Amino acid sequence: MDKLTVNDLSVKNQRVLVRVDFNVPMEEKDGKMVINDTTRIKETLPTLRLLIERGAKIILAAHLGRPKGKRDPSMSLRPVADKLSEMIGRPVAFADDCIGESAAKAIAALQPGGLLLLENVRYYNEEEANDPVFAEKLARGADLYVNDAFGAAHRAHASTEGAPRLIAARGGRCAAGLSMERELKFLGQELENPARPFVVVLGGAKVSDKINVIDRLLEKADTILIGGAMVYTFRLAQGRKVGKSLSEPDKVDIARAALEKAKSRGVQFLLPSDEVIGTPVDTGKVNKKGKPVIEIRNPRPSSDPDIPDGDAGLDIGPQTVKRYCQILLGAKTILWNGPMGLFEDPRFAEGTNAVARAVAEATAKNGAKSIIGGGDSIKAVNKAGLADKVTFMSTGGGASLEFLEGRVLPGVAALSAK
Ligand code: AMP
């Protein structure tokens, strides 16, 4: 790693501004906001424990939801301070503003090994605008900076980019936290020179979201297995019919270019040979958001490369499951991003679940390094109870994709070089 990590810092008695990802799902219950999933808080605990042990004065900055520059009480981080305190077994002070007097007072009261959580940085529009005056106010109380929020590192915001630049400019060192370090290791270094065969599984809704990742991985992978609705844009590129399947007709050219690149580079690039199709039927009802409720009827396997006009492809089929799993079981490095079908509906979840099982099996039996690249694939792995059976699961959604595209993330670029 060419960036400093928290292990490289001398933090004793130093005020360390730590950007964390506490953007946890919350729900109102009996007039109180309750945290539904504490995974993101858990992720930061190793970094926080290390800083506590070494006697840092820890100032935590984070965002929650999209309050759009307003103090929306439903997006207050106060319940997160309580939850963190419970999880780490120490008091966590809370400042009801991330800048200004109340933050300054709370910072001044910090003892070595003490923790303070600042209120939601997105209560200010200046955060997302990376406003230099706001960034200075945020940076003012800190000697050093640590970023452990990989999921926010693809944004050049005040707490991820502006503040560390200012701290570095006055001689304060800026480092990656332990969670960030693992992300950079697994999504970066490990995939630079992967053990081969290197098999990539890509699924999800849109080719347009992942084309840059596909393009980059076509230069590294031995095999790319495609699933999800993305398949149907590739099918259009092959001159096939896709019926009512989700597809992007305006992205057919880029899909065709990817198919050609795979051919010219000798990368095995597989589309499903069969799928589970169904018939979408408009129920005439609308959901809470006013959108029509579509029901899928008559799910069935099909190995016809053309999908009938009234039907949609919703999962990879049994033959494809078999083939993809066989390939995965021979892999030494696996990268998986995106579900194989409409996996939220159990009738179309088997492709995704089978891939999750095969990834876990390849890890256990073949010693494969398996890297799950964020988003819905993580949900699928968790749901299948296989989270501890894979090598690494990325915490970032958009950030993982941008990093896999080979882009420099502003929140990483702002950290000090080793
Ligand atoms: P993404 O965010 O691009 O990874 O896409 C994930 C979403 O794509 C999930 O909500 C899936 O249900 C959806 N999806 C995957 N395959 C299909 C498909 N064949 N038809 C419709 N939606 C799909």
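It should be emphasised that the depicted structure is a prediction, and the values quoted were computed from it without experimental measurement. Every number for a ligand or one of its atoms is a count from 1 in the order of the listing. Any value given below was found using the heavy atoms of this structure, including those in side chains, with hydrogens, waters and symmetry copies removed.
- A search for ring-ring contact (aromatic ring centres under 6.0 Å, His included) contacts involving Phe198 returns nothing, not counting sequence neighbours.
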(request) Show the numbers, then the answer: is there a salt bridge (charged side-chain N to carboxylate O under 4.0 Å, His left out) between Glu128 and Lys68? (result) CA-CA 9 Å; Glu128 290 187 68; Lys68 305 215 167 107; over 6 Å; no
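- Under the rule for a salt bridge (Lys or Arg N to Asp or Glu O under 4.0 Å), the partners of Arg40 that lie at least two apart in sequence or sit in another chain are Asp21.
- The side-chain contact (heavy atoms from CB on, under 4.5 Å) test with Cys98 is passed by exactly one of Ile59, Leu118, Leu117: Leu118.
- Remark: side-chain polar atoms of Glu136 are not paired, donor with acceptor, to backbone N or O of Leu166 under 3.5 angstrom.
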Please tabulate, one line per pair, the protein nitrogen or oxygen atoms found under 3.5 angstrom from a nitrogen or oxygen of ligand 1, with distances to 0.1 Å, or say none if there are no such pairs.
from     : atom 1 : to     : atom 2 : distance (Å)
ligand 1 : 3 (O)  : Ala205 : N      : 3.0
ligand 1 : 4 (O)  : Lys210 : NZ     : 3.1
ligand 1 : 5 (O)  : Ala205 : N      : 3.0
ligand 1 : 10 (O) : Glu344 : OE2    : 2.6
ligand 1 : 12 (O) : Glu344 : OE1    : 2.5
ligand 1 : 12 (O) : Glu344 : OE2    : 3.4
ligand 1 : 16 (N) : Ala229 : N      : 3.1
ligand 1 : 19 (N) : Gly313 : O      : 3.0

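- Sorted by first and then second residue, the pairs that involve residues 309-337 and meet salt bridge (Lys or Arg N to Asp or Glu O under 4.0 Å), not counting sequence neighbours, are Arg300-Asp311.
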